[in-house]
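Structure first, then comments.
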Amino acid sequence: MSQEVRVRFAPSPTGPFHIGGARSALFNYLVAKHTNGKFVVRIEDTDRKRSTSESEENIKEALKWLGITWDEGIDVGGADGPYRQTERLDIYQKYTDKLLAEGKAYYCFCTPEELEAEKNAQLAKGETPVYSGKCADLPKETVEQYLKEGRPHVIRIKTPKNETIELDDLVRGHVSFDSNNVGDFVIVKSDGIPVYNYCVVLDDALMHITHVIRAEEHLSNTPRQLVIYKALGFDAPQFAHVSLILGADKKKMSKRHGATSVQQYRDMGYLPDALVNFLALLGWTPDSDQEIFSRDELNEQFSLSRVAKNPAVFDIEKLNWINFHYMKELDEDALYTLCLPHLQKAGYASENPDSREAAWLKSVCAAMREHVQYGAQIVDAAKVFFTEDYAPENEETAAVLAEETAPAVLSMFRDELKALDEVTADTVQPLFKKIQKGLKVKGKFVYMPIRVAITGVMHGPDLNVIVALMGREKVLDRLSAVLDK
RNA sequence: GGCCCCUUGGUCAAGUGGUCUAAGACAUCGCCCUUUCACGGCGAGAACAUGGGUUCAAAUCCCGUAGGGGUCACCA
């Protein structure tokens, strides 16, 4: 009862680190933090064809970036290592021998063709495809004979017949399965590598995992794993199957939904704290109206009992809102650091800005901060300073320049700007008032034409700030381009 | 197809039989602030998939139907 909570995240390094995986990792991490337990990270790489060390690095890097650290596991070690499944093969072997010796598992020599035919026949009858158990009762001599001949074989575990396999899932509640739909399944492949369902059980049991928190897609695997726990004589842990993250079309989130990997969000200039905050809220709700959570608040408040059963659509708008919130708390230097790579990529900033350029870029970022929800958006927001393609973006915008008073405003502003000793945000601001009084027009009719003339758009930061940042010459050029047309 | 899970506004979701003429947030729209644009503030529209039960009373419990998803591998 007072046993320490031990949870784990066990990704397979077979590709970019998916946002769904990140959420699973986060939930596990938060449960560990909340209960003062231990969080273990283990690598499931038994699929040797698809596993790569690059993706293992990716995953570890992404976890660290998100601030999801682990107490035991890969790279950090621990009492129950090794933490990479391909390094645990001898451990699995030991238990397989035991299972074999106890008659709880057996060799199967069926060919893939036979199996395929069997399966199709069952499917045709509308039944769940289940292995017939043909090899379960092969005479000992036959087995030895076949083995000596070197016949390809797998090892299957015996699954009880006519039993109900039940579990009390921490998020789904009571779930039950008919053991007849499980059948004697493979635990060791013909290449001698044990299969996932078998390794997880052994690893989780040997690593003393108390709570298995993972995505719902594993729910149907659970009865198999329960069969293994029983055969091995281990107590099963508590399970918590968290529903999937869906794309806007309510289908499981995949590449065609846009960015699905953690590194893509990192590269787009999202903040780790924001992503974590957003992911936590995807499926979990606090006991209050709170939306923004510090790490400590998350650790303190997170609980599996408030995790929803239904799948959640990944709403990028909400992520943007949360990220925007976190960006507001960045000081100018941090904001600049976040935005700089994007400006460089767009060709708006040099590889190594000198102090003069850096200071100017920093001011640009600061001026644009209310118009940027994540790093990459700085490019679009700051475009006006770097491109000559600033013609009015649409008809509504163009109409501003066609206003009766526009030419007079523009031309007065040009003259006033020329006459200024020094162009700063503070020295420019009074000019607008002067124009208003001089020409007797409303504010809107002075700000808007100037804004459109020099930026091409009707929105953006304070006009005086834009003018100061853009510099007298460029502003004058742009004004003239409109006036002298 | 078999098995399993899910179903409250466009989205995330609160809600565990009466306090629901159903909370909050994102998004949308409107107003205010601002002699420009945003930010911000205030407000509005917008939902219990469906049919039967049970009950004095159901978004909440039971059964069916529909829809969505997952899984049925010598992938993880």
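Note that these values count all heavy atoms, side chains included, but never hydrogens, waters or copies made by symmetry. Just so we're clear, the structure is a prediction, and the values are computed from it rather than from any experiment. To find a chain, count down the sequence lines: A is the first, B the second, and so on, and within it residues start at 1.
Nucleotides B:G68 and B:C32 are separated by 46 Å at their P atoms, to the nearest Å. Taking atom P in both B:C37 and B:C29, one finds a spacing of 16 Å when rounded to whole Å. A distance of about 14 Å separates the P atoms of B:U8 and B:C61, rounded to the whole Å. A gap of 11 Å separates the P atoms of B:U7 and B:A13, to the nearest Å. Spacing between B:C74 and B:G53 at atom C1', rounded to whole Å, works out to 49 Å. Look at the C1' atom in both B:G9 and B:G15: the space between them is 15 Å, to the nearest Å. Atom name C1', nucleotides B:A47 and B:C56: the rounded distance is 27 Å, in whole Å. For the C1' atoms, the distance linking B:A25 with B:U19 amounts to 23 Å, nearest Å.
Counting heavy atoms of neighbouring residues, nucleotides and ligands inside a 6.0 Å radius, atom CD of A:Glu149 exceeds 12 of them.
Within 4.0 Å of A:Leu244, counting heavy atoms only, lie sugar-phosphate atoms of the nucleic acid but no base atom. A:Asp178 comes within contact range of no nucleotide atom at all, as no heavy-atom separation falls under 4.0 Å. Among the atoms of the strands shown, none is found under 4.0 Å from any heavy atom of A:Lys442. A:Arg214 comes within contact range of no nucleotide atom at all, as no heavy-atom separation falls under 4.0 Å. Contacts of A:Arg451 with the nucleic acid, taken as non-hydrogen atoms under 4.0 Å apart, include base atoms. When heavy atoms are screened at a 4.0 angstrom cut-off, A:Pro311 is found touching the sugar-phosphate backbone but no base atom. Within 4.0 Å (heavy atoms only), A:Glu370 reaches at least one base atom of the nucleic acid. Residue-level contact check: A:Ser51 touches neither bases nor backbone, having no heavy atom under 4.0 Å from any strand.
Rounding to whole angstrom units, CG of residue A:Leu439 and P of B:U36 are separated by 17 Å. Rounding to whole angstrom units, CG of residue A:Asn277 and C1' of B:C12 are separated by 12 Å. Rounded to whole Å, atom P of B:A38 lies 15 Å from atom CD of A:Gln377. Taking atom CD on A:Glu216 and atom C1' on B:G68, their separation rounds to 11 Å, with Å as the unit. Note: CG (A:Asp380) to P (B:C37) measures 20 Å, nearest angstrom. A:Asn320 has its CG atom 19 Å from the P atom of B:A25, to the nearest Å. Counting to the nearest Å, the C1' atom of B:G40 and the CZ atom of A:Arg369 are 15 Å from each other.
Partner A:Gln85 forms a side-chain contact (heavy atoms from CB on, under 4.5 Å) with one of A:Asp47, A:Ile43, A:Asp45 and no other, that one being A:Asp45.
A salt bridge links A:Arg84 to A:Glu56: at least one charged side-chain nitrogen sits closer than 4.0 Å to a carboxylate oxygen.
Of the N and O atoms on the side chains of A:Asn323 and A:Tyr265, not one donor lies less than 3.5 Å from an acceptor on the other residue. For the residue pair A:Thr128 and A:Gln122, no side-chain donor N or O sits within less than 3.5 Å of a side-chain acceptor on the partner.
Taking only side-chain atoms of A:Gln436, from C-beta outward, the nucleotide of B:U35, B:C4, B:G40 with the closest atom is B:U35. Residue A:Lys318 places its side chain closer to B:A25 than to any other of B:A25, B:G69, B:C72. Ranking B:G2, B:C12, B:U36 by closeness to the A:Asn181 side chain, first place goes to B:G2. Out of B:G1, B:A38, B:U8, the shortest distance to the side chain of A:His371 is found at B:A38. Nearest to the side chain of A:Lys328, among B:C39, B:U36, B:G24, sits B:C39. For A:Leu219, taking side-chain heavy atoms from C-beta onward, the closest of the listed nucleotides B:U36, B:C39, B:C4 is B:C4. Minimum atom distance to the side chain of A:Trp321 is reached by B:A25, of the listed B:C37, B:A23, B:A25.
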- Task: Report the C-alpha distance between A:Glu114 and A:Lys134 in whole Å, list the side-chain angles of each, state the deciding distance to 0.1 Å, and finish with yes or no for salt bridge (charged side-chain N to carboxylate O under 4.0 Å, His left out).
- Result: CA-CA 11 Å; A:Glu114 285 177 81; A:Lys134 207 191 301 181; 3.0 Å; yes
- Stepwise, does the salt bridge (charged side-chain N to carboxylate O under 4.0 Å, His left out) test hold for A:Arg42 with A:Asp204? CA-CA 10 Å; A:Arg42 163 216 319 157; A:Asp204 285 340; 2.2 Å; yes
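In a base pair of the Watson-Crick type (N1 to N3 plus N6-O4 or O6-N4) or a G-U wobble (N1-O2 and O6-N3), with each distance short of 3.5 Å, B:C3 is matched with B:G70.
Comparing A:Ala248 and A:Pro461 against RNA chain B, the residue whose closest nucleotide sits nearer the 5' end is A:Ala248. If you find the closest nucleotide of RNA chain B to A:Gly443 and to A:Arg306, the one lying nearer the 5' end belongs to A:Arg306.
Residue-to-nucleotide contacts include no donor-acceptor pair under 3.5 Å from the side chain of A:Glu317 to the base of B:U11.
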Output a table of donor-acceptor pairs, distance under 3.5 Å, between side-chain atoms of residues 372-383 of chain A and any protein atom two or more places apart or on a different chain; print 'none' if there are none.
| from | atom 1 | to | atom 2 | distance (Å) |
| --- | --- | --- | --- | --- |
| A:Gln377 | OE1 | A:Gln373 | N | 2.7 |
| A:Asp380 | OD1 | A:Lys383 | NZ | 3.2 |

Any N/O pairs under 3.5 Å between the protein and nucleotides 73-76 of chain B? List them or say none.
| from | atom 1 | to | atom 2 | distance (Å) |
| --- | --- | --- | --- | --- |
| B:C74 | O2 | A:Ser190 | N | 2.8 |
| B:C74 | O2 | A:Ser190 | OG | 2.6 |
| B:C74 | N3 | A:Ser190 | OG | 3.2 |
| B:C75 | OP2 | A:Lys189 | NZ | 2.9 |
| B:C75 | O2' | A:Asp47 | OD2 | 2.6 |
| B:C75 | O2' | A:Arg50 | NH2 | 3.3 |
| B:C75 | O2 | A:Arg50 | NH2 | 3.2 |
| B:A76 | OP1 | A:Thr46 | OG1 | 2.7 |
| B:A76 | OP1 | A:Lys189 | NZ | 3.1 |
| B:A76 | OP2 | A:Tyr196 | N | 3.0 |
| B:A76 | O3' | A:Glu44 | O | 3.2 |
| B:A76 | O3' | A:Glu44 | OE1 | 3.4 |
| B:A76 | O2' | A:Ser12 | OG | 2.3 |
| B:A76 | N6 | A:Asn221 | OD1 | 3.2 |
| B:A76 | N6 | A:Asn221 | ND2 | 2.7 |
| B:A76 | N1 | A:Asn221 | ND2 | 3.2 |

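The phosphate of B:U35 has neither OP1 nor OP2 within less than 4.0 Å of any side-chain N or O from A:Lys444. In this model, the phosphate group of B:A14 is approached by a side-chain N or O of A:Thr285 to a distance below 4.0 Å at OP1 or OP2.
Pairing each heavy atom of A:Phe39 with each of A:Trp70, the nearest pair is O-CB, 3.5 Å.
Under a cutoff of 6.0 Å and an axis angle of 45°, A:Arg23 and A:Phe27 form a cation-pi pair.
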